[in-house]
Amino acid sequence: MIEESNNGSADEPIIVCRDVHKWFGQFHVLRGVTTSVGRSEKLVVVGPSGSGKSTFIRTINRLEEHQRGEIVVDGVPMTQDVRNIDAIRRDVGMVFQQFNLFPHLSVLDNITLAPIKVRKRKRADADEMAMELLERVGIPEQADKFPGELSGGQQQRVAIARALAMQPKIMLFDEPTSALDPEMIREVLDVMRELAESGMTMIIVTHEIGFATEVADRILMFDEGVIIEDAPPHDFFNNPQQERTQTFLSQIL
Ligand code: ADP
Ligand code: MG
């Protein structure tokens with residue numbers, strides 16, 4: 001059964017995960033993840049490599065299928081029903097570590113492809129919206145270039161613009177600055193900060209601690225497929241409850 005989107009009231013969480021489990025073959029990668037995300041909330045996810053951070057956020061737009069537990073996005077339960085999956089994917093944009101732009105398409109066409117093909121927008125409208133988004137991410141002059149002609153920071157800003165072109169309610173970021181040279185990290189974080197201020201609901205896997213402190217409402221620590229710490233930045237960094245969180249912080253700070 002498909003349920004109408006927008007049926008959640010303003011104070012209900014936009015994402016609910018209850019006891020989510022996932023296996024890759026025999027490997028139990030998510031081992032009971034329970035959390036919820038409020039509308040407009042910014043969640044930062046940290047944790048050691050291999051702890052399930054990417055897998056967790058990928059279950060939220062069904063890039064990975066979970067096998068047990070419940071995920072509900074804006075009132076729509078994530079089931080096998082493609083109508084539910086499509087409804088959820090319409091609400092969720094994603095930005096990857098490796099940008100994942102289409103190399104054979106111009107910057108502008110990267111951004112307008114899905115709005116034209118999936119949303120049936122007219123090319124002129126789509127182009128206009130894409131130019132507004134490129135203004136917003138600070139690179140309108142790159143519209144006609146190909147991704148390979150751009151710096152990593154510029155490519156990632158195009159990837160953010162491309163995700164925003166589908167007008168998502170939620171944006172997922174999987175280590176968006178990890179593949180960037182240090183001098184380009186800030187320009188991407190600045191765009192994300194601006195997006196946060198605009199009220200977007202965001203889940204961000206990142207080890208950029210300054211950014212997390214400034215932007216996050218809550219920080220989740222993953223370890224071996226479960227959330228072991230969930231606290232606002234100040235408490236998370238100054239008074240972590242779990243020894244493994246303290247050890248992890250001592251390695252990254
Ligand atoms: P993180 O993002 O925290 O580094 P991941 O969610 O990418 O962790 O991966 C968690 C674990 O699941 C790792 O041990 C990884 O090797 C394994 N894994 C991830 N994707 C797959 C896959 N497609 N098939 C099998 N194992 C996978
Ligand atoms: Mg990862």
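Just so you know, ligand 1 is whichever comes first in the structure, and atom 1 is the first atom listed for that ligand. Note that the numbering runs from 1 along the sequence shown for the chain.
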With a cut-off of 3.5 Å and sequence neighbours excluded, list every side-chain donor-acceptor pair involving residues 198-220.
unit_1: Ser198; atom_1: OG; unit_2: Leu195; atom_2: O; d: 2.6
unit_1: Thr201; atom_1: OG1; unit_2: Ser40; atom_2: N; d: 2.7
unit_1: Thr206; atom_1: OG1; unit_2: Glu208; atom_2: N; d: 3.0
unit_1: His207; atom_1: NE2; unit_2: Gly47; atom_2: O; d: 3.3
unit_1: Thr213; atom_1: OG1; unit_2: Ile209; atom_2: O; d: 2.7
unit_1: Glu214; atom_1: OE2; unit_2: Arg193; atom_2: NE; d: 2.8
unit_1: Asp217; atom_1: OD2; unit_2: Lys42; atom_2: N; d: 2.7
unit_1: Arg218; atom_1: NE; unit_2: Asp230; atom_2: OD1; d: 3.0
unit_1: Arg218; atom_1: NH1; unit_2: Ser36; atom_2: O; d: 2.9
unit_1: Arg218; atom_1: NH1; unit_2: Glu41; atom_2: OE1; d: 3.2
unit_1: Arg218; atom_1: NH1; unit_2: Glu41; atom_2: OE2; d: 3.2
unit_1: Arg218; atom_1: NH2; unit_2: Thr35; atom_2: OG1; d: 2.9
unit_1: Arg218; atom_1: NH2; unit_2: Asp230; atom_2: OD2; d: 3.1

Dump the pairs for me: ligand 1 N or O, protein N or O, distance under 3.5 Å, to 0.1 Å.
unit_1: ligand 1; atom_1: 2 (O); unit_2: Ser54; atom_2: N; d: 2.9
unit_1: ligand 1; atom_1: 2 (O); unit_2: Ser54; atom_2: OG; d: 2.8
unit_1: ligand 1; atom_1: 3 (O); unit_2: Ser51; atom_2: N; d: 3.2
unit_1: ligand 1; atom_1: 3 (O); unit_2: Ser51; atom_2: OG; d: 3.4
unit_1: ligand 1; atom_1: 3 (O); unit_2: Gly52; atom_2: N; d: 3.1
unit_1: ligand 1; atom_1: 3 (O); unit_2: Lys53; atom_2: N; d: 2.9
unit_1: ligand 1; atom_1: 3 (O); unit_2: Lys53; atom_2: NZ; d: 2.8
unit_1: ligand 1; atom_1: 4 (O); unit_2: Gly50; atom_2: N; d: 2.7
unit_1: ligand 1; atom_1: 6 (O); unit_2: Thr55; atom_2: N; d: 2.9
unit_1: ligand 1; atom_1: 6 (O); unit_2: Thr55; atom_2: OG1; d: 2.5
unit_1: ligand 1; atom_1: 8 (O); unit_2: Gly52; atom_2: N; d: 3.3

Using a 3.5 Å distance criterion without hydrogens, assess whether the side chain of [X] forms a donor-acceptor pair with backbone atoms of [Y].
X	Y	answer
Lys22	Glu65	yes
Arg89	Asn61	yes
Thr59	Arg62	no

Under the salt bridge (charged side-chain N to carboxylate O under 4.0 Å, His left out) test, residues paired with Arg186 that sit two or more places apart =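 Here no residue qualifies.
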
Is it true that Glu229 and Arg244 make a salt bridge, defined as a side-chain N closer than 4.0 Å to a carboxylate O?
->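 No salt bridge links Glu229 with Arg244.
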
Lys/Arg-Asp/Glu bridge criterion (N-O < 4.0 Å) met for Lys53, Asp174 =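 Here Lys53 does not pair with Asp174 in a salt bridge, since their nearest N and O are not under 4.0 Å apart.
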
Around the Mg ion (ligand 2), what protein N, O or S atoms are found below 2.8 Å?
->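 Ser54 OG, with waters left out.
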
Shortest non-hydrogen contact from Cys17 toward Val20 |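 In this case the closest contact between Cys17 and Val20 is CB-CG2, 3.8 Å.
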
Roughly how far apart are Ile60 CD1 and Thr55 OG1, rounded to 0.5 Å?
->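 Here the rounded value is 11.5 Å.
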
